[in-house]
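Just so it is clear, the values below take in all heavy atoms, side chains as well, and ignore hydrogens, waters and symmetry mates.
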Amino acid sequence: MTAASTASASESTASVIQSVDWVAVAPPTIVAVLGLAVLVADLFLHERNKHLLGWFSLAGLAAAGLSLLPLTGADRAARSTFCLSGPRDTACSYTVDEFTLVIQLLVIGGALLTALLSMTTLKDARSAEKGLPEGEYWFLLLSSAAGAALLPASRDLTTLVVALEVASLPAFALVGLKHGDKRSSEAALKFFLSSVTATAVTLLGVSFVYAATGTMHLTELGEKLGNVDGQLDTLARTGVVLTLVGFAFKMAAVPFHFWVPDTYVGAPLPVAAYLSVVGKAVGFTGLILVTVVAFPEYADVWGPALAALAALTMTAGNVAALRQRSTRAYSAVRLLAWSSVGQAGYLLVPIAAAGYAERRTDVLESTGATVAYALMYAAVNLGAFAVAALVGRTQALNRVSDYRGLYARSPLSALVLAFFLLCLAGLPPGVIGLFAKVTVFSAAVDAGLGWLAVVMAVNVVIALYYYLQWTALLFRAPEGEPVRHRIPVPITAAIAVTAVLGVALSGAPQLVLQFAEQGVR
């Protein structure tokens, strides 16, 4: 063997040796290990001690949240791991930057609040003997959260798709976990079939992109797509469009939204809350990574496509929410479901605007606007679902009309729900909702998407009607004598945490809006 061939072999060997930064991968790793520990512990715990799994899960999620602190140094430098050293540069599959940390905080915080809501739901199911298995429930929730926490750090298409599926597959089972409930089984089947179809289309798109470029790493794709051979340009463009489908599905963007209302109604209410926040975080995070990092050369393809999706999504969601009848069974959950579709349209606006940006700083501001809006939406939407879970304990059908006179029965709950609804509507005293919407408006206008800003303004007006109608109902005279009920401690904690976050951010919106200046690196 010659010296040249020996050097070549040595270089090839070095290229497959990967470094692992365990501090960087700690947040999703802790959640994943926690899920496995809960599954094993469930085998040995007696039925009367199953509730301990909930407290164990809460403690583990808190530990995962604390593991983000060592990654927030003063220099805020990005940390990368699982890197392959090539002859020219280094390509990494896992990167922790400011964008990653904010999304992981959103995911873990959302999972933590979902766990608080779940403790009461599981306790009620245990008392009523409705057959909601606790060990499986916590394992599936933690597994999904681990995938969601992995996704924002993913920097190659393989890891990105795997993280997407790890976040999604346990969610199917969570939706259908209520034994003997036909609505739950039907919802899980619709969710599963539509998601599998979207995943298949996405994998086809990824294969097209790989065939055109020969790489899966997002940073390398950003460079190589600009030099694709003319004969492969159509293949690459088709791959870009198809790759976006899976993430648009997770965001419930039109026309991939039809699974949302039935899934939210059939799922346990904490699972619906989880899907509305963490599921959307998975969707818009994936969209930002594949568009801004991997496919900037094809902004002329995904920019207009996402702008059209944003307009269709917010319009379809708000019009459907407007048509909900207050006396229909589960109308409160359906209204929140359609509202979440409308909110997904707002989240898409800054991502679409990034496709029209000419400077890197404009791209960062656009993606940061999506992150800022998502943080506001996560806090107040989880709070609204927490109050819905409280009302659902005594009103099994959970209709909007069941909220009439809530102020007479539970004044604090009514005031908090009114505050959350006003935040979602973008009205004072929900200042954080107003500022978040202004940030999204600014992103559209600065990108020259005046028509999209007009569509958004019209939809905000439409949404005002059903949000204010529900808010007014809370303070109307109740029908019959109001009956007060004791609020469980976990639900109280969830409502209190989200309310404090909403009020604090409304008092100092710059704490969220400063993220509008940051984006994925």
(request) Show your working on side-chain hydrogen bond (donor to acceptor under 3.5 Å, both in side chains) between Tyr373 and Lys437 and close with a plain yes or no. (result) CA-CA 7 Å; Tyr373 195 94; Lys437 280 185 169 57; 3.0 Å; yes

(message) Run the side-chain contact (heavy atoms from CB on, under 4.5 Å) test on Ile487 and Ser413 for me, step by step, so that the C-alpha distance in whole Å, both residues' side-chain angles and the decisive distance to 0.1 Å come before the verdict.
(response) CA-CA 10 Å; Ile487 304 178; Ser413 298; 3.7 Å; yes

(request) Given side-chain hydrogen bond (donor to acceptor under 3.5 Å, both in side chains), test Thr121 with Asp124 step by step and report yes or no. (result) CA-CA 5 Å; Thr121 299; Asp124 291 344; 5.9 Å; no

(request) Determine, stepwise, if the pair Tyr330 / Arg399 fulfils side-chain contact (heavy atoms from CB on, under 4.5 Å). (result) CA-CA 5 Å; Tyr330 310 105; Arg399 299 166 297 195; over 6 Å; no

(request) Go through the steps for Tyr137 and Ser118 under the test side-chain hydrogen bond (donor to acceptor under 3.5 Å, both in side chains), then give the verdict. (result) CA-CA 9 Å; Tyr137 182 96; Ser118 300; 2.6 Å; yes

(request) With salt bridge (Lys or Arg N to Asp or Glu O under 4.0 Å) as the test, would you mind laying out the steps for Arg334 and Asp262 before giving the verdict? (result) CA-CA 8 Å; Arg334 286 186 177 276; Asp262 289 340; 3.2 Å; yes

(message) As a quick check of understanding, evaluate side-chain contact (heavy atoms from CB on, under 4.5 Å) for Ile288 and Phe247, giving each step before the final call.
(response) CA-CA 10 Å; Ile288 289 175; Phe247 301 104; over 6 Å; no

(request) Kindly determine whether Tyr264 and Phe385 satisfy side-chain contact (heavy atoms from CB on, under 4.5 Å), including the steps that lead there. (result) CA-CA 11 Å; Tyr264 282 27; Phe385 268 102; 4.1 Å; yes

(message) Determine whether Thr313 and Tyr346 satisfy the following criterion, side-chain hydrogen bond (donor to acceptor under 3.5 Å, both in side chains), listing intermediate values before the conclusion.
(response) CA-CA 8 Å; Thr313 301; Tyr346 304 147; over 6 Å; no

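Within the model, atoms CG of Asp97 and CD1 of Ile103 stand 10.0 Å from one another, a figure rounded to the nearest 0.5 Å. Distance check: Leu160 CG to Leu218 CG gives 6.0 Å after rounding to the nearest 0.5 Å. Note that OG1 of Thr263 is 12.0 Å distant from NE2 of His257, once rounded to the nearest 0.5 Å. Atom CG of residue Leu421 and atom CG of residue Leu468 lie 9.0 Å apart, to the nearest 0.5 angstrom. Note that the CG atom of Leu150 and the CD atom of Gln104 stand 8.5 Å from one another [nearest 0.5 Å].
When all heavy atoms of Gly502 and Ile432 are compared, the pair lying nearest together is O-CG2, 4.1 Å. Across every non-hydrogen atom of Leu117 and Ala494, the tightest pair is CD2-CB, 3.8 Å. When all heavy atoms of Val96 and Ala24 are compared, the closest pair comes out as CG2-O, 3.7 Å. The nearest pair of heavy atoms linking Tyr403 to Arg409 is CA-NH2, 4.4 Å. Between Val431 and Ser506, the closest heavy-atom pair is N-OG, 3.4 Å. Residues Ile30 and Gly60 come closest through the heavy atom pair CG2-O, 3.9 Å.
Side-chain contact between Tyr94 and Pro28 is present, with at least one heavy-atom pair separated by less than 4.5 Å. Side-chain contact between Leu58 and Met119 is present, with heavy atoms from C-beta onward closer than 4.5 Å. With contacts defined as side-chain heavy-atom distances shorter than 4.5 Å, the pair Leu473/Arg476 qualifies. In this structure, Phe441 and Val349 have side chains that are not in contact, with every pair of non-hydrogen atoms separated by 4.5 Å or more. With a 4.5 Å cut-off on side-chain heavy atoms, Arg393 and Thr120 count as touching. At a threshold of 4.5 Å between non-hydrogen side-chain atoms, the residues Lys250 and Ser168 count as touching. Between Pro27 and Ile108 there is a side-chain heavy-atom pair separated by less than 4.5 Å.
Atom CH2 of Trp55 is surrounded by 12 or fewer heavy atoms from other residues, nucleotides or ligands within 6.0 Å. Sparse packing is recorded around OH of Tyr465, with 12 or fewer heavy atoms of other residues, nucleotides or ligands lying under 6.0 Å away. Remark: Phe419 CZ is packed, more than 12 non-hydrogen atoms of other residues, nucleotides or ligands lying under 6.0 Å away.
Partner of Thr367 under the side chain to side chain contact (heavy atoms under 4.5 Å, CB included) criterion, chosen from Val292, Leu287, Val293: Val292. With Phe249 as the fixed residue, the ring pair (Phe, Tyr, Trp, His ring centres under 6.0 Å) test singles out one of Phe256, Trp259, Phe258: Trp259.
Between Tyr407 and Phe475, the ring planes lie tilted relative to each other; the angle falls in the 30° to 60° range. Aromatic ring pairs are classed by plane angle as parallel below 30°, tilted from 30° to 60° and perpendicular above 60°; the pair Phe172 and Phe192 is perpendicular.
In this structure, the side chain of Ser57 does not engage the main chain of Trp138 through any donor-acceptor pair within 3.5 Å. A donor-acceptor pair under 3.5 Å is absent between the side-chain atoms of Ser144 and the main chain of Pro170, judged by distance alone. Checked by atom type and distance alone, the side chain of Thr100 pairs as donor or acceptor with a backbone atom of Thr95 at under 3.5 Å. Checked by atom type and distance alone, the side chain of Asn398 pairs as donor or acceptor with a backbone atom of Ala388 at under 3.5 Å. With hydrogens and angles ignored, the 3.5 Å screen pairs a side-chain donor or acceptor of Ser340 with a backbone N or O of Ala337. Between the side chain of Thr285 and the backbone N or O of Val282, no donor-acceptor pair lies under 3.5 Å. Judged by distance alone, with hydrogens and angles left aside, the side-chain atoms of Thr370 form a donor-acceptor pair with the main-chain N or O of Leu347 at under 3.5 Å.
Phe295 and Trp302 have their aromatic ring centers separated by at least 6.0 angstrom. Here the two rings, on Tyr466 and Trp338, have centers that are 6.0 Å apart or farther.
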